[in-house]
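The chain is numbered in sequence order, starting from 1. Counting convention: from 1, in listed order, for ligands and their atoms alike.
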Amino acid sequence: MKDLTTASGIPFDNYEDTQSAGPRGPLLLQDYILHEKLAHFNRERIPERIVHAKGSAAYGTFTVTQDVTRYSKAKLFGEAGRQTKVLLRFSTVGGERGSADTERDPRGFALKFYTEDGNWDLVGNNTPVFFIKDPKKFPDFIHTQKRDPFTNCKSATMVWDFFSLNPESLHQVLFLMSDRGTPYGFRHMHGFGSHTYTLINKDNEVVFVKFHFKTQQGIKNFTSDEARQMRGEDPDFAQRDLLTAIERGDFPKWTLKIQVMTAEQADQHPFNPFDLTKVWSHKEYPLIEVGVLELNSNPDNYFAEVEQAAFAPSRIVDGIGHSPDKMLQGRILAYPDAQRYRLGVNFEQLPVNRCPFAVHNYQRDGAMRYDNNGGRSANYYPNSFDDIRPNTVYKRPAETLSHPFADSFDRNAEGENDHYTQPGNFFREVLSQEDKKQLIRNIAESMRQIDGPKKEEIINRQFCHFFRADFNLGMGVVNELGVDPESVMSRMKK
Ligand code: NDP
Ligand code: HEM
């Protein structure tokens, strides 16, 4: 038996009855155990993530299966067979912490690799593209995915108003509105790093790269009706599915593949290869296998290991780099900032976030510092006492600014505005007849909820985008919504 104690370790005899003046009398102020219990309870909630608040995570192992050292000197990509511990957190995007797992939404696919060169976070989604291409649009976009300020309800009007006013969203909108927008839990979907990153080899040669995690469980989705039903039956379906699969030893796996593009190819590329609303063709940039990711252990405590986990695209290790992708650049800043607010300045010391290998620096103090804070060692650099030094082995190759506008700066909105070719190809060439039917049905189901004085305007603006991508897509949505095609056509001609 262990003694029950206060937070300061003082054992006591009773946890359920507060001291009172007589059996029926008022309570005594001196019962500090009551204060401690209620006060700690009052502080149990921390801010939820501003996006991706509802999530599930598991630990696992990444194993290299193919030699890619010609591209990257990252230690985790060393020889075949090398293993690295990982944490993978899945999530929905727009819902609150208690929202249902089967909402139509992209799914987060956030990985932390605990490498000997520090933690590498690859914070991606289950889609290879995104809704916008400039980080400045992100807060506006997310506001439309959350609750209306007046009704406090989700609003299809806000959603489609934003989509229709930002046609670069179309590619991701088609992914979202297909049945892959309601995946069957987290095990049956792919993960994508989405952005363009770089790989750097031992000779400091740099290539651009995209990361793809292909599910070995096979793609499986809910239809819209099934997802709606599951929201009522088990709002935590995906959490339960992942947890129970791992508990019964059915460990989910993904194959990591990369696409590689040289700087010369990037220069010749017909569109900006750093544009997050577009993919790189598999035919031109074939997938190259790297390794296998397996999830094999559930966290023991959700709050400590999942809610307090912090992933950030800024955390990048030797042999891997960022790229000029504007969205990625914006994210480098946003995540650690969010985590200092959400978890406190010393969040990297929390066990789930702590690098299991050496950490040496001169950061000291701050709220909730609970290691020895550097003890007696010097807290400034340079100093004459310790042997901690920056290591030139980790110097990154200089980056050239080859773009003709790079020697000036401005708000360089993307000059190239082809928002339609890839969404059109996706509709025509990738989707089966059944997928197309489902996509059109799902779009109509959502657009039917647009209301208010701007309804017609929003719907018509979005029709234009569908038609510009593919005539049959536009026609399909028009027919499914029961709108008169003649009136749409004549409005579009104007
Ligand atoms: P490919 O034909 O080589 O690739 C098509 C890709 O689409 C495959 O990765 C396929 O893999 C995936 N796919 C199949 N069905 C669906 C679906 N219902 N929803 C989402 N993805 C699906 O063509 P390209 O590389 O030339 O790309 C053509 C179009 O395919 C792109 O415009 C893009 O819209 C889409 N796409 C491309 C990807 C890329 O990185 N190049 C990645 C995903 C989609 P799987 O079934 O295993 O997912
Ligand atoms: C979470 C910002 C785009 C995937 C977050 C968080 C912020 C944020 C502030 C919460 C972080 C935390 O509290 O720990 C942004 C901004 C973006 C952007 C400003 C655009 C500029 C993207 C894109 C992807 C993505 C393009 C995927 C390709 C994720 C994921 C999480 C997340 C998966 C959850 C991480 C976790 O599991 O803890 N984002 N985001 N975000 N974001 Fe983004």
(request) Give the residue and atom name of whichever protein heavy atom lies nearest to atom 44 (C) of ligand 1, and the separation in Å to one decimal. (result) Phe175 CZ, 3.6 Å
(message) Under 3.5 Å between any N/O of Trp280 and any N/O of ligand 1: does that happen in this structure?
(response) yes
(request) Look at the side chain of Asp121 and the backbone N and O of Ala312, then say whether any donor-acceptor pair between them is shorter than 3.5 Å. (result) yes
(message) Below 3.5 Å, N or O to N or O, backbone or side chain included: is there any such pair between Ser91 and ligand 2?
(response) no
(request) Enumerate the atoms of ligand 1 whose separation from the nearest heavy atom of Pro128 is less than 4.0 angstrom. (result) 42 (C), 43 (C)
(request) Kindly state whether the ring of Phe162 and the ring of Phe131 have centres lying under 6.0 angstrom apart. (result) no
(request) Please indicate whether any nitrogen or oxygen in His195 is less than 3.5 Å from any nitrogen or oxygen in ligand 2. (result) no
(message) Using heavy atoms and a 4.0 Å limit, tell me yes or no: is Lys278 in contact with ligand 1?
(response) no
(message) Under 4.0 Å between a side-chain nitrogen and a carboxylate oxygen: does that hold for Glu294 and Lys253?
(response) yes
(request) Can you pull out the closest protein heavy atom to atom 36 (C) of ligand 2? Residue, atom name and distance to 0.1 Å, please. (result) Arg89 NH1, 3.1 Å
(request) Please identify which atoms of ligand 1 are closer than 4.0 Å to at least one heavy atom of His212. (result) 40 (O)
(message) Looking only at protein heavy atoms, which one is nearest to atom 35 (C) of ligand 1, and what is the separation?
(response) Phe426 CD1, 3.9 Å
(message) What protein N/O/S atoms are there under 2.8 Å from atom 43 (Fe) of ligand 2, waters excluded?
(response) Tyr335 OH
(message) Does only the side chain of Leu276 get under 4.0 Å from ligand 2, or the backbone, or both, or neither? Count heavy atoms.
(response) side chain
(request) Name the closest protein heavy atom to atom 29 (C) of ligand 1, giving the residue it belongs to and the distance to 0.1 Å. (result) Val430 CG2, 3.6 Å
(message) Suppose I only count heavy atoms of Ile50 and a 4.0 Å limit; which atoms of ligand 2 are within that range?
(response) 9 (C)
(message) Quick test of your reading of the structure: of His190, Lys436, Lys257, whose heavy atom lies closest to atom 47 (O) of ligand 1?
(response) His190
(request) Heavy-atom distances under 4.0 Å are what count here, so tell me which part of Glu429 touches ligand 1: side chain, backbone, both or neither. (result) neither
(message) Does any part of the side chain of His282, heavy atoms only, come nearer than 4.5 Å to the side chain of Leu287, both counted from C-beta?
(response) yes
(message) Taking the cut-offs as 6.0 angstrom to the six-membered ring centre and 45 degrees off its axis, would you call Lys112 and Trp120 a cation-pi pair?
(response) no
(request) Please report which non-hydrogen protein atom sits nearest to atom 11 (O) of ligand 1, along with the residue it belongs to and the distance in Å to one decimal place. (result) Lys214 NZ, 3.7 Å
(request) Check each atom of ligand 2 against the heavy atoms of Ser194 and keep those under 4.0 Å away; list them by number with element. (result) 28 (C)
(message) If we count only N and O atoms by modelled type, under 3.5 Å, do the side chains of Asn201 and Glu205 hold a donor and an acceptor together?
(response) yes
(request) Output yes when Asp250 and Arg187 qualify as a salt bridge under the 4.0 Å nitrogen-oxygen rule, no when they do not. (result) yes
(request) Find all atoms of ligand 1 within a distance of less than 4.0 Å from any non-hydrogen atom belonging to Leu431, and give their numbers and elements. (result) 17 (C), 18 (N)
(request) Tell me which one of Lys283, His282, Arg180 gets a heavy atom nearest to atom 9 (O) of ligand 1. (result) His282
(request) Report yes if Gln339 has an N/O atom closer than 3.5 Å to an N/O atom of ligand 2; otherwise report no. (result) yes
